[in-house]
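Naming: A, B, ... by sequence-line order, numbering from 1 per chain.
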Amino acid sequence: MRYRSQQVAYWYFAVAMLLFGLQIVFGLLSATKYLGPDPLLYVLPFDVTKVIHTNLLVVWVLTGFMGATYWMVPDESRTELYSVRLAYWQLALWAVMGVATIIGYLFRYGTGNKLLEQPLPSKLTVVVVMLMFLYNVGMTIRKAGRFTTSEGVLLIGLGMAAVLYLPALLEFENYTVAIFYRWWTIHLWVEGVWEMIQGGFLAYLLIRLSGADREVMEKWLYVIVGLVFIAGILGTAHHYYWVGVPHYWLPIGGFFSALEPVALIGMAMYAYGAIRRTGLAHPNTLALHWTIGSAVFTLFGAGVLGLAHTWPSVNKWTHGTLITAMHGHAAFFGAYAMIVMAMITYALPAMTPDRREEGSSLGYWAFWLQIGGMFGMTLSFATAGIGQVYLERILGLGYLDTQLKIQVHFLMLLATGGIFALGVGAFIWDFFRYRPRFEVIEESAVRAGAPAGAALTGASRIRAV
Amino acid sequence: MNKRQSRLFAVVSTALAAVAFLGMTVDSHRQFDALTNAKNITPAVAHGKDVWHKYNCVNCHTLFGEGAYYAPDLTKIAQHRGEAYLHAYMQDPSKFYDETRHRRLMPKQNLAENEITDLIAFLDWVSKVDNQGWPPRPILVTGASIPGTDLTTEQQATKAEQGGSQPPGARPVGSGQDPIALGQSLFRSVAPACAACHSVAPGVNMAGPSLAGVATRAQQHIGTPDYKGQAKDAAGYIRESIEHPSAYVVPGAMYSANGQSFMPATYAKELNSEQIDQLVAYLATLK
């Protein structure tokens, strides 16, 4: 840790970890209900566990984004944060809002609008928190007067994420119009500005971990951002096909959705190229696993599996089936859960000095169990979804009868979900088992953008302390 | 390409995509009213949408294919099920489906009467939105029969041994002159489709009872004191059931309430007498 104020990141990460654990509990609970009958039908029905599962995902990933930003910005701008106190107040407000919203869902206090279920007071709190956050980060950079491209891409991503949340505050009488603008938030988040955020973190990590040349990395980061937005903005159309919009959204959606993997292929090549060119010299190989893993799993989950069902004549049959759940799980995990875990794994040894820089074997178990578990879950959803499309949509069997015929895939889902949960448990345990000690390291020991060989090693860190 | 050019690429491509997107958004707004029949969004429909949100329906069901995948899509449900059925269903879903059989059940929502009525109005509005003809074929809630296997192979074998004819689903539909074949085709193609609620496979009771063996049962019903209708023979009974569904109702809370059948009473008006003849001819073969 080079700046004392970077320690706020630890507490953001800690909150994110707790919420991540809770998200998986509700995920497993929801998966179990697919096997039924449900003894909790009148206590905790599916709609409640599912809403908590998805909302916790968004909350913990955003908590992770914020923590990772508070870690990265001092490093990039070479300064202390503008206000540590503001950062802690922001976290407190955010955590209280998150927990209160989740408790509210248990009592059915929500808007019932998919993924935007947060009641108005929560939504307004989100806006306030985002403003506090952007103000704090913005002032930090202004104070430092040093603004890197990776940081810029990250910040524009975060700022746009806040702006695109605003349509979520509007009410529309026409359900079709409401759907239309709901996707401005959801789609343009996950297939637009969140990818910028991911790209910003990815560039930061690759520069630090592989010692790749900053100029080259940042040049390609711009290209990736351009590709993300060419395809991402007009790719929104693939959510519009069947909801009551003019016909031209279909060909537009098909064409630009097909382009979406291009940016993700670019991102994976970018990450792989960075390590190939420079060699793996940074001792934190676990963080490198998560970083490269994120780029590759994004290509698989968001790119390939997204493309598998966004072409209109395919989507006509697969729309609204478990095929969507297949894509959703793999995409969110690869792009956002993994990049947050990459940032955590990178930053953690500096904040918990008892930890080995290169990662513990438990850390590797966490990585591989999560990767394996999520891959299995994706396959379970895929096989269930293909079965569902064939039996229900093509042969015309009833929904309920089809679900009975694909039970075996739900068993597989639960088993692989269990493996994934073990991986998450290992990650969380590994996170908390070392006490945090926030020691500032001399500037000379770490030099940003230095060749890989000069990167911080465990030994040099101890000397520096 | 240097860094300045790559930044220019990012900015220009984002701007172009955004301009195109906003342009289509403006144009879509010009068309939304016509595509969605916005003039039909009455206060009841608007309130029904609030009910849909209030009870978090979208986190089990889908509408326009959007939502969760734990319960059936409801985009066209108002066209597949009459208002009376939906009303009775939402009062108590457990009367309609068995959790031990389907392994999941919709919890009773304790909706107020006006909430149910308005929710149905909303679902009716949804079912009429011009959404590029999705779904491409009806998504049914229940119905376990795969086309062409209306009888199991075992049942078909038994029938063949006894010198029986081909099962209804395996019979060729060919001659344009054959009223039975035409009736069978009408069975799947009239609106609402008979096949959306009735299976011709034995024991498969969907929203309506299975019609396997309906001709034989019709003959038996006519003779019983419970039967108050006008029919004198099986064909007459079937015709009466199509034209006046409430004349004789099959017992069961999922089929009728207060002596009124949930089956739409629209066929007498919607179909011409020739079409009804063909349907009767087809159904009378289901012995």
Can you see which heavy atom on B:F9 is nearest to which on A:V223, and at what distance? CE2-O, 3.5 Å
Does B:E83 have more than 12 heavy atoms from other residues, nucleotides or ligands lying within 6.0 Å of its CD? no
Heavy-atom cut-off 4.5 Å, strictly under: side chain, backbone, both or neither for A:T176 against chain B? both
Looking at B:M1, B:M24, B:K49, which one has more heavy-atom pairs under 4.5 Å with chain A than the rest? B:M24
Segment of B:P135 engaging chain A (4.5 angstrom heavy-atom cut-off): neither
Check whether A:Q388 gets within reach of chain B through its side chain, its backbone, both or neither, counting any heavy atom under 4.5 Å. neither
Is it the backbone or the side chain of B:F122 that comes under 4.5 Å from a heavy atom of chain A, or both, or neither? side chain
Heaviest contributor of heavy-atom pairs below 4.5 Å to chain B, chosen from A:T236, A:V177, A:T321, is A:T321
Taking A:D47 for the side chain and B:C60 for the main chain, is one N or O donor matched with an acceptor at less than 3.5 Å? no
Rounded to the nearest 0.5 Å, how far apart are OH of A:Y222 and CG of B:N2? 11.5 Å
Quick check on A:Y105 against chain B: is it the side chain, the backbone, both or neither that has a heavy atom closer than 4.5 Å? neither
Separation between NZ (A:K114) and CG (B:L63), nearest 0.5 Å, reads 12.0 Å
Counting only heavy atoms closer than 4.5 Å, note whether B:Q132 contacts chain A via side chain, backbone, both or neither. both
Bottom line for A:L35: the part with an atom under 4.5 Å from chain B's heavy atoms is backbone
Counting only heavy atoms closer than 4.5 Å, note whether A:P45 contacts chain B via side chain, backbone, both or neither. side chain
Short side-chain to backbone donor-acceptor contact, A:Y399 and B:A71, under 3.5 Å: yes
Are side-chain N/O atoms of A:Y175 and B:W125 paired as donor and acceptor at under 3.5 Å? no
Proximity breakdown for A:I230 and chain B, heavy-atom pairs closer than 4.5 Å: both
Would you say the side chain of B:K108 lies within less than 4.5 Å of the side chain of A:Y42, judging by non-hydrogen atoms? yes
Tell me, for A:K50 versus chain B, whether the close heavy atoms (under 4.5 Å) come from the side chain, the backbone, both or neither. side chain
Looking only at heavy atoms, the pair that brings A:L400 and B:R104 closest together is CD2-CG, 4.4 Å
Can you name the nearest heavy-atom pair linking B:N56 to A:G112, along with the distance? OD1-CA, 3.6 Å
Heaviest contributor of heavy-atom pairs below 4.5 Å to chain B, chosen from A:G110, A:P246, A:G36, is A:P246
From NE2 (A:H247) to CG (B:L35), nearest 0.5 Å: 12.0 Å
B:K54, part contacting chain A, at a heavy-atom distance under 4.5 Å: backbone
What part of B:T75 gets closer than 4.5 Å to chain A, counting heavy atoms only: side chain, backbone, both or neither? neither
Which atoms form the tightest heavy-atom contact between A:W249 and B:S28, and what is the distance? NE1-OG, 2.8 Å
Donor-acceptor pair, A:Y241 side chain versus B:W134 backbone, under 3.5 Å? no
When heavy-atom pairs shorter than 4.5 Å are enumerated against chain B, which of A:A325, A:S30, A:G192, A:P37 gives the highest number? A:P37
Identify the two heavy atoms, one from A:N174 and one from B:A38, that lie closest to each other, and give their separation to 0.1 Å. ND2-CB, 4.2 Å
Counting distance only, does the side-chain N/O of B:S6 pair as donor-acceptor with the main-chain N or O of A:K219 below 3.5 Å? yes
What part of B:V129 is in contact with chain A, defined as an atom under 4.5 angstrom from a non-hydrogen atom: side chain, backbone, both or neither? side chain
Quick one: does any side-chain atom of B:N131 pair with a main-chain N or O of A:W242 as donor and acceptor, under 3.5 Å? yes
So which of A:L115, A:T49, A:L234 has the largest heavy-atom pair count under 4.5 angstrom toward chain B? A:L234
I'd like to check the ring pair (Phe, Tyr, Trp, His ring centres under 6.0 Å) partners of A:Y181; sequence neighbours left out, ordered by chain and number. A:F172, A:W184, B:H29
Taking every heavy-atom pair that is under 4.5 Å apart, which of B:P72, B:A18, B:A15, B:P138 has the most such pairs with chain A? B:P72
Best-contacting candidate, A:T111, A:T54, A:L250, A:V225, against chain B by heavy atom pairs under 4.5 angstrom: A:T111
From A:H239 NE2 over to B:E66 CD, what is the distance, rounded to the nearest 0.5 angstrom? 8.0 Å
If I measure from the heavy atoms of chain B, does A:T149 come under 4.5 Å with its side chain, its backbone, both, or neither? side chain
Tell me if the OH atom of A:Y390 is crowded by more than 12 foreign heavy atoms within 6.0 Å. no
Could you please spell out the steps behind the side chain to side chain contact (heavy atoms under 4.5 Å, CB included) verdict for B:Y55 and A:R108? CA-CA 8 Å; B:Y55 291 91; A:R108 272 239 169 104; 4.1 Å; yes
Could you tell me which of B:S13, B:G133, B:G67, B:P107 has the largest number of non-hydrogen atom pairs under 4.5 Å with chain A? B:P107
So which part of B:L105 gets closer than 4.5 Å to some heavy atom of chain A, the side chain, the backbone, both or neither? both
What distance do A:F381 atom CZ and B:Y69 atom OH have between them, rounded to the nearest 0.5 Å? 10.0 Å
Any B:T142 side-chain heavy atom under 4.5 Å of A:D401 side chain: yes
Using non-hydrogen atoms and a 4.5 Å limit, figure out which bit of A:Y109 sits close to chain B: side chain, backbone, both or neither. neither
Determine yes or no for a side-chain-to-main-chain donor-acceptor pair under 3.5 angstrom, with B:R103 supplying the side chain and A:Y34 the backbone. no
Checking heavy atoms, do the side chain of B:T36, its backbone, both or neither come under 4.5 Å from chain A? side chain
A:I394 and B:R137 have their tightest heavy-atom pair at O-NH1, 2.7 Å
Under 3.5 Å donor-acceptor, B:E99 side chain and A:D38 backbone: yes
For a 4.5 angstrom cut-off between non-hydrogen side-chain atoms, does A:I233 reach B:T14? yes
Distance col, row A:E173:CD vs B:D50:CG, nearest 0.5 angstrom, shows 8.5 Å
